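Sharing a structure with you now.
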Amino acid sequence: MTVRQEIGALVVDTKTDKLGRVMGRVGIHVQLRAPGGGREWDADPAHLRSANEGECRRAAIAEGPIVKRVTS
């Protein structure tokens, strides 16, 4: 199975069991960042798989708009 590794693709690093968005490449590694932000980490492309539907939903929630509640 081919895993999408272009910038913006949502993948799982199976070595760390972390969900991440592809941010770029450095040498042979793919740089990932968790949905919603955080520090990037380098992942081995051999340890990546495409995110499933549930993982994509989890990412959408983490990356969703921040709604500020205004109280009077």
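A quick note: this is a predicted structure, and the numbers were derived from the prediction, not measured.
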Distance-only, no hydrogens or angles: does the Ser50 side chain make a donor-acceptor pair with backbone N or O of Val11 under 3.5 Å?
->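 Pair absent, no side-chain N/O of Ser50 close to backbone of Val11.
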
Spacing of CG belonging to Asp44 relative to CD1 belonging to Ile28, to within rounding of 0.5 Å |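 Here the interatomic distance stands at 6.0 Å.
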
From CG (Leu32) to NZ (Lys18), nearest 0.5 Å |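 Reported to 0.5 Å precision, the distance equals 8.5 Å.
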
State, to 0.1 Å, how close Gly20 and Pro35 come at their nearest heavy-atom pair, and which atoms those are.
->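 Heavy atoms only, the tightest pair is CA-CD, 4.2 Å.
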
Applying salt bridge (charged side-chain N to carboxylate O under 4.0 Å, His left out), which residue pairs with at least one partner in residues 27-43 are found, sequence neighbours left out?
->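 As it turns out, the salt bridge (charged side-chain N to carboxylate O under 4.0 Å, His left out) pairs with a partner in residues 27-43, which skip direct neighbours, are Arg33-Glu40.
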
Could you please spell out the steps behind the salt bridge (charged side-chain N to carboxylate O under 4.0 Å, His left out) verdict for Glu63 and Arg58?
-> CA-CA 9 Å; Glu63 295 173 333; Arg58 192 173 88 203; over 6 Å; no

Non-hydrogen atoms of Arg49 and Thr14 that approach each other most closely |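 So the two residues come closest at CG-CG2, 3.9 Å.
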
Taking atom CD1 of Ile7 and atom CZ of Arg21, what is their separation to the nearest 0.5 Å?
->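 These two atoms lie 12.5 Å from each other.
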
Measuring from Trp41:CH2 to His29:NE2, what's the distance to the nearest 0.5 Å?
->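 Here the interatomic distance stands at 13.5 Å.
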
So with a 6.0 Å cut-off around CD of Glu53, is the heavy-atom count from everything else above 12?
->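 Atom CD in Glu53 is not crowded, with 12 or fewer foreign heavy atoms closer than 6.0 Å.
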
Using a side-chain heavy atom cutoff under 4.5 Å and only I, L, V, M, F, W and Y, what cluster partners does Val12 have?
->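 Joined to Val12, directly or through intermediates: Leu10, Leu19.
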
Return the set of residues passing side chain to side chain contact (heavy atoms under 4.5 Å, CB included) with Arg25 (not counting sequence neighbours), or none when no residue passes.
->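 By the side chain to side chain contact (heavy atoms under 4.5 Å, CB included) rule, Arg25 matches Gln5, Val30, Pro45.
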
